[in-house]
Amino acid sequence: MTDITNQTQAALDAIAAAPSLDALEEQRLDALGKKGWVSLALKTLGGMSPDERTAAAPAIQSARAAIADALDAKKAALETAELEARLARETIDLTLPAAPARRGSVHPVSQVMDELAEIFADLGFAVATGPEIEDDWHNFTALNMDETHPARAMHDTFYFPDKTSDGREVLLRTHTSPVQIRSMLAQGAPIRLIAPGRVYRSDSDATHTPMFHQVEGLVVGRDIHLGHLKWTLETFFKAFFEREDIVLRLRPSYFPFTEPSVEVDVGYSTEGGRRVVGGHGDAPGHAWMELGGSGMVNRRVLEFAGIDPDEYQGFAFGLGIDRIAMLKYGMNDLRAFFDGDPRWLQHYGFSLFDQPTLSAGVGAKV
Ligand code: FA5
């Protein structure tokens, strides 16, 4: 009797002190498991006489009940404590925004380059590229600007100190026009391509930066004429600015590599300090803005590029990408394009999901 009372008390103390559910399970097995001491004591009842059993059974039964109750109570207490600890550990700050903040965006120049490629691809133009580190033969000579040509000086060229192995000057290309030469030499005629990319000139103010972007266009075929050039540019600008009232002015100009040459201007008005394209530049409240140069490819250039000018002719144009991006998306200082200021990029940048497509309209949602 005293044995059972002592053993029960010891078991109740151990249960009360059990630090974890695992330790509690050990106590249960020790007392109530198949080989636990309470179970073994219960088994001894079978071998007793009825009198002995009546005397011994209540003590064993009440020990079993007391231990089972204590195990249940302690289990509930340990589970509650564990749940509370977990709730304290796994806090959720409900004041945080539901989705992570947007990080990174597509630069307007990249966006506009994608838009250009999309529109011109629809007109059957391929996209060509060329090196930004050029030689003076591709950048000037083959474009009908020999060493003494005054137009070379007008380009404010960045030269490298070294020359190529065959004695050509090495420079940062001043326009995308050398890609015309490289493409014609590589694939001959007919040809229909655009070449977007970076160009460099030692020039800087609110509308000029030392590095900027141009897109070159070149179409060479047997019966290409100036009317094709005007239609192509007009069709492009209508799709790009997503409006039908685009008026272009082709102004006679001079480039050594085109003859005749025309400067391309677009009519615009100013609304709330922002330039908005559309309308005739000579209409009241309107003006013209220069977007680029163009013309019929000079026959000397075709010769340099290995194409017979008596069989083929073509048109070419070069537009300032940064200028048309500013016009479309309403920025007024070109220098901000290249400052890398995250606030500016956050404001003017585009989501990766704003992929330009002709069917959905090439304009990104601002
Ligand atoms: C040219 O570079 C010629 N290669 C264009 C061309 C190509 C004519 C094919 C004929 C046939 P121009 O120097 O005018 O031309 O530059 C073309 C356009 O680039 C300009 O109209 C302007 O939009 C842009 N641009 C020129 N300089 C800068 C600059 N420093 N910063 C930003 N944009 C510029």
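Any value given below was found using the heavy atoms of this structure, including those in side chains, with hydrogens, waters and symmetry copies removed. Counting starts at 1 for both ligands and their atoms, following the listed order.
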ask   = Can you tell me the protein heavy atom closest to atom 25 (N) of ligand 1 and the distance?
value = Phe212 CE1, 3.3 Å
ask   = Nearest to atom 17 (C) of ligand 1, what protein heavy atom do you find, and at what distance?
value = Gln214 NE2, 3.4 Å
key: Proximity of His208 to ligand 1 by residue part, where a heavy atom lies under 4.0 Å   = both
query = Going by distance only, is there an N or O of Asp322 that falls short of 3.5 Å from an N or O of ligand 1?
reply = no
task = Let me know which of Phe120, Trp231, Phe125 forms a ring pair (Phe, Tyr, Trp, His ring centres under 6.0 Å) with Phe236.
result = Phe120
inquiry  = Please compare Pro256, Pro210, Ser294 and report which has the shortest non-hydrogen distance to atom 10 (C) of ligand 1.
reply    = Ser294
request  = Find all atoms of ligand 1 within a distance of less than 4.0 Å from any non-hydrogen atom belonging to Ala316, and give their numbers and elements.
outcome  = 9 (C), 11 (C)
key: For the student: nearest non-hydrogen atoms of Gln313 and Arg222, plus distance   = NE2-O, 4.1 Å
Heteroatom distance test (Gln180, ligand 1): nitrogen or oxygen, under 3.5 angstrom = no
Under-4.0 Å heavy-atom contact with ligand 1, by part of Leu291 that carries it = backbone
ask   = What protein heavy atom sits nearest atom 3 (C) of ligand 1, and how far off is it?
value = Phe257 CZ, 3.7 Å
query = For the residue pair Pro178 and Asn139, what are the closest heavy atoms and their distance?
reply = CG-OD1, 3.7 Å
ask   = Quick one: nearest non-hydrogen protein atom to atom 5 (C) of ligand 1, plus distance?
value = Gly318 CA, 3.9 Å
message = If the threshold is 4.0 Å, N to carboxylate O, is there a salt bridge linking Glu271 and Arg274?
response = no
key: Distance from atom 9 (C) of ligand 1 to nearest protein heavy atom, with residue and atom   = Glu216 OE2, 3.3 Å
note = Closest to atom 21 (O) of ligand 1 by heavy-atom distance, out of Glu290, Arg323, His213, is Glu290
query = Can you tell which part of Phe317 has a heavy atom less than 4.0 Å from ligand 1: side chain, backbone, both or neither?
reply = backbone
Protein heavy atom at shortest distance from atom 13 (O) of ligand 1 = Arg201 NH1, 2.8 Å
